[in-house]
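Comments concern the structure below.
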There are 2 protein chains.
Amino acid sequence: MAESNKENTENKILNAAKAIFQSKGMDGSRMQEIADKAGINKALLHYYYRSKQVLFEAVFSNAFSLIAPQLNKILDSDLDLFDKIRGFAKNYISFISKHPYLPNFVINELHRNPGFILKLKEKKEFPNFEKFTNQINEYVEKGLIRPIAPEQLFLNLISLNLFPIVGSPLFKLLLNLDDITYKKLIEDRKTEVAEFIIHSIKIK
Amino acid sequence: MAESNKENTENKILNAAKAIFQSKGMDGSRMQEIADKAGINKALLHYYYRSKQVLFEAVFSNAFSLIAPQLNKILDSDLDLFDKIRGFAKNYISFISKHPYLPNFVINELHRNPGFILKLKEKKEFPNFEKFTNQINEYVEKGLIRPIAPEQLFLNLISLNLFPIVGSPLFKLLLNLDDITYKKLIEDRKTEVAEFIIHSIKIK
DNA sequence: ACATTTGTTAACCAAATGGTTAAACCGAAT
DNA sequence: ATTCGGTTTAACCATTTGGTTAACAAATGT
């Protein structure tokens, strides 16, 4: 029972830390708040994770490692390019809608502590763009799509999918939309984005 | 001389605060650090701005008020839709490249303190989308572009322009690119993005 | 010249915060 | 029953941090 209890506590800590860190960032989060949310004592928090920094890195690392595989799952598949784009939009928007803090969290902390990047580069599996890149070049050669640098297409794909979610408070404010209307707008994008991209590159 | 000295001090404070707040956010910034950067005493900082919150709001408000006019300047002009899109891409990417922290700063703090949104709504001039919206609908009716919701086109336009800059640390990491290569990629986007959009919507 | 207001500083303070310590608790092996 | 390991807690500590105070300096008005 000790074993499962330990597991349990560790889980409670990680979940609490994830919630707090991802919504308030490293600087805005308090160890006490994390302890409270996990239903434990602050000292116990330090028993499991020596310092705030260590706990934070555990959460961050975990968050980051969600991104790459999710990207790969689609980019590195055997689908036809157009279906890949469609699948990506549909799946990734759903995924990010479930973890809306994730991209912002990662971007902020990557920015806050650039040294962290090196650590990630060593350890983490990265998305494999080779297949995607080759596929695009192939489509260009065959005259199926107009010439475009694969990196640019990738940037477009990600930007169109993520930014409306990452920047939702800004967009809601600028467009003067309420939550429900904005949500509907995002929902529409699950198909809208793919068609937008395909229209742009496909040669009819 | 007292007057200009005051102006001078106030300016030094605002510039310092802007630099610190925009790169570290509200929580990550220290009043002492701002005072140091402004070359003054911490007490003097509080003499000019009663509290951290007040100083922060001054900086934030100022930052935010840069965004809307910049948007309007282009969206609300009399240009042909396609030229408008081209102009937007070229100008806005330049603008944001000069203030790369801005969007992220605004988004984060909007998220951190949603109550702030209300204050902004009252005071600030907002981008005027009417002209842009009408123009798009007009182009659709005339059969010059395929049907698209103006809000979606707006989201696309902003996302394609901003996100590669906002998310640069993430993209550099994912694509495994160094600063120079990435900068070149962004530079290319000043024309690339507009063509991408126009290809997508224009009916030939 | 003198008083008054405005700008500036050094020293100080209370609260918050990350982290530590020493003791208590608890299940399992002896 | 007792010891022993890991787990958990309450109380504590040192430092950081936003903010204040009181005194000094520099303008400004009369």
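Every residue two or more places apart in sequence or in another chain was checked for a salt bridge (Lys or Arg N to Asp or Glu O under 4.0 Å) with B:Lys42, and none qualifies. Partners of A:Lys131 by salt bridge (Lys or Arg N to Asp or Glu O under 4.0 Å), not counting sequence neighbours, listed by chain and number: A:Asp78. For A:Asp76, there are no side-chain hydrogen bond (donor to acceptor under 3.5 Å, both in side chains) partners two or more places apart in sequence or in a different chain. Not counting sequence neighbours, A:Lys84 has no partner by the salt bridge (Lys or Arg N to Asp or Glu O under 4.0 Å) test. Remark: B:Phe105 pairs with B:Phe56, B:Phe60 by the ring pair (Phe, Tyr, Trp, His ring centres under 6.0 Å) rule, at least two apart or across chains.
Among pairs with a residue in residues 97-115 of chain B, those fulfilling salt bridge (charged side-chain N to carboxylate O under 4.0 Å, His left out) read B:Asp27-B:Arg112, B:Glu109-B:Arg112, at least two apart in sequence or across chains. Sorted by first then second residue, the side chain to side chain donor-acceptor pair (under 3.5 Å) pairs that include residues 57-72 of chain B, not counting sequence neighbours, are B:Gln53-B:Glu57, B:Glu57-B:Lys119, B:Ser61-B:Lys124. Here salt bridge (charged side-chain N to carboxylate O under 4.0 Å, His left out) pairs that include residues 31-40 of chain A, with residues two or more places apart or in two chains, are A:Lys24-A:Glu33.
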Name the pairs: protein N/O against N/O of nucleotides 16-19 of chain D, kept only if under 3.5 Å.
{"unit_1": "D:dT17", "atom_1": "OP1", "unit_2": "B:Arg30", "atom_2": "NE", "d": "2.7"}
{"unit_1": "D:dG18", "atom_1": "OP1", "unit_2": "B:Ser29", "atom_2": "O", "d": "3.4"}
{"unit_1": "D:dG18", "atom_1": "OP1", "unit_2": "B:Arg30", "atom_2": "NH1", "d": "3.1"}
{"unit_1": "D:dG18", "atom_1": "OP1", "unit_2": "B:Lys52", "atom_2": "NZ", "d": "3.2"}
{"unit_1": "D:dG18", "atom_1": "OP2", "unit_2": "B:Met31", "atom_2": "N", "d": "3.1"}
{"unit_1": "D:dG18", "atom_1": "N7", "unit_2": "B:Lys42", "atom_2": "NZ", "d": "3.1"}
{"unit_1": "D:dG19", "atom_1": "OP2", "unit_2": "B:His46", "atom_2": "NE2", "d": "3.3"}
{"unit_1": "D:dG19", "atom_1": "OP2", "unit_2": "B:Lys52", "atom_2": "N", "d": "2.6"}
{"unit_1": "D:dG19", "atom_1": "N7", "unit_2": "B:Lys42", "atom_2": "NZ", "d": "2.8"}
{"unit_1": "D:dG19", "atom_1": "O6", "unit_2": "B:Lys42", "atom_2": "NZ", "d": "2.5"}

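In this structure, CG of B:Leu44 is placed 15 Å from C1' of D:dA23, rounded to the nearest angstrom. The nearest whole Å value for the distance from the CG atom in A:Leu45 to the P atom in C:dT17 is 14 Å. Distance CG (A:Asp36) to C1' (C:dT17): 13 Å, rounded to an integer number of Å. In this structure, CD1 of B:Ile40 is placed 12 Å from P of C:dA10, rounded to the nearest angstrom. For the pair A:Tyr49 OH and C:dG18 C1', the interatomic distance rounds to 17 Å; values are reported in whole Å.
Within a 6.0 Å radius of NZ in B:Lys90, no more than 12 heavy atoms belonging to other residues, nucleotides or ligands are found.
Residues of residues 13-21 of chain A having a heavy atom closer than 4.0 Å to DNA chain C: none are found.
Summary of helix geometry: the two end axes of the helix from C:dA1-D:dT30 to C:dT30-D:dA1, each defined by five base pairs via their C1' atoms, are inclined to each other by 10° (rounded to 10°).
When distances run from any side-chain atom of B:Asn41 to the nucleotides D:dT9, D:dT8, C:dT9, the shortest one goes to C:dT9. Ranking D:dG6, C:dA10, C:dT8 by closeness to the A:Tyr47 side chain, first place goes to D:dG6.
For B:Thr9 and C:dT8, the shortest distance from a side-chain N or O to OP1 or OP2 is below 4.0 Å.
Ring pair B:Phe88/B:Phe154: centre-to-centre distance not below 6.0 Å.
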May I have the list of side-chain donor-acceptor pairs in residues 168-176 of chain A shorter than 3.5 Å, sequence neighbours left out?
{"unit_1": "A:Ser168", "atom_1": "OG", "unit_2": "A:Ile165", "atom_2": "O", "d": "3.2"}
{"unit_1": "A:Lys172", "atom_1": "NZ", "unit_2": "A:Asp179", "atom_2": "OD1", "d": "3.2"}
{"unit_1": "A:Asn176", "atom_1": "OD1", "unit_2": "B:Lys121", "atom_2": "NZ", "d": "3.4"}

